[in-house]
Amino acid sequence: QVKGGYVGAGSTFERVGSFLFMTYYNPKPIHPDECDLQIADYELKKEYHDYQRQEKFITLLQYKFAVMECECWIIYYKRCKQLYMKGQQQ
């Protein structure tokens with residue numbers, strides 16, 4: 001757990017962040033059906049986070065972070081789908 005302040009280099013938090021960064025920016029071609037399922041799942045998660053926020057189960061900051069994460073994954077899967085379709089056309 002991080003209780004504020006700075007996160008040291010090499011910490012678990014830093015490694016997770018760099019893994020996610022590399023995952024987002026290095027998409028791989030994935031079959032469109034799988035991408036559509038993942039996109040629908042993250043859209044559903046966004047609605048659930050909205051419900052959590054309305055019922056005050058999570059703070060506004062937690063809500064924004066959770067929705068931002070979902071949106072990043074949606075962008076990722078859309079890009080994976082594009083790469084797959086592009087590879088099939090060639």
Side-chain angles (χ1 to χ4, degrees):
Q1 292 181 351
V2 178
K3 293 187 176 183
Y6 296 102
V7 176
S11 68
T12 302
F13 186 72
E14 183 182 83
R15 284 183 288 222
V16 169
S18 54
F19 169 75
L20 289 175
F21 178 79
M22 292 306 294
T23 302
Y24 289 147
Y25 289 101
N26 291 317
K28 298 176 183 163
I30 300 175
H31 195 274
D33 292 341
E34 177 65 25
C35 291
D36 290 339
L37 285 173
Q38 293 294 332
I39 290 169
D41 184 50
Y42 282 108
E43 291 289 346
L44 191 60
K45 286 180 182 179
K46 282 173 52 177
E47 290 179 24
Y48 177 67
H49 294 311
D50 188 42
Y51 165 76
Q52 287 181 311
R53 178 64 191 137
Q54 289 175 4
E55 296 298 319
K56 300 190 185 325
F57 294 134
I58 59 175
T59 65
L60 180 60
L61 184 61
Q62 290 171 319
Y63 167 75
K64 287 181 179 182
F65 180 77
V67 169
M68 181 178 62
E69 181 184 12
C70 290
E71 288 174 353
C72 287
W73 282 113
I74 289 169
I75 292 168
Y76 171 78
Y77 281 108
K78 285 181 179 180
R79 182 68 180 134
C80 290
K81 185 177 177 179
Q82 288 175 344
L83 289 173
Y84 186 89
M85 300 302 280
K86 189 175 184 181
Q88 295 297 314
Q89 292 175 354
Q90 293 178 351

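For the salt bridge (Lys or Arg N to Asp or Glu O under 4.0 Å) test, no residue two or more places apart in sequence or in another chain qualifies with Lys78. Shown here are the side chain to side chain donor-acceptor pair (under 3.5 Å) partners of Arg53, two or more places apart in sequence or in another chain: there are none. With sequence neighbours excluded, no residue forms a side-chain contact (heavy atoms from CB on, under 4.5 Å) with Ile75. Checked against salt bridge (Lys or Arg N to Asp or Glu O under 4.0 Å), Glu71 has the following partners two or more places apart in sequence or in another chain: Lys46. Residues meeting the ring pair (Phe, Tyr, Trp, His ring centres under 6.0 Å) test with Tyr84, sequence neighbours left out: His31. Listed by chain and residue number, Gln52 satisfy the side chain to side chain donor-acceptor pair (under 3.5 Å) test with Tyr48 (two or more places apart in sequence, or in another chain). Every residue two or more places apart in sequence or in another chain was checked for a salt bridge (Lys or Arg N to Asp or Glu O under 4.0 Å) with Asp50, and none qualifies.
Of the inter-residue distances, the one linking Lys64 atom NZ with Thr59 atom OG1 reads 10.0 Å to the nearest 0.5 angstrom. The CZ atom of Arg79 lies 6.5 Å from the NZ atom of Lys86; values are rounded to the nearest 0.5 Å.
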Donor-acceptor pairs under 3.5 angstrom involving side-chain atoms of residues 32-43: please list them, not counting sequence neighbours.
residue, atom, partner, partner atom, Å
Glu34, OE2, Gln38, NE2, 2.9
Asp36, OD1, Lys81, NZ, 2.7

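In the hydrophobic clustering, Tyr63 connects to Ile58, Leu60, Val67, either directly or through intervening members, whenever side-chain heavy atoms lie under 4.5 Å apart.
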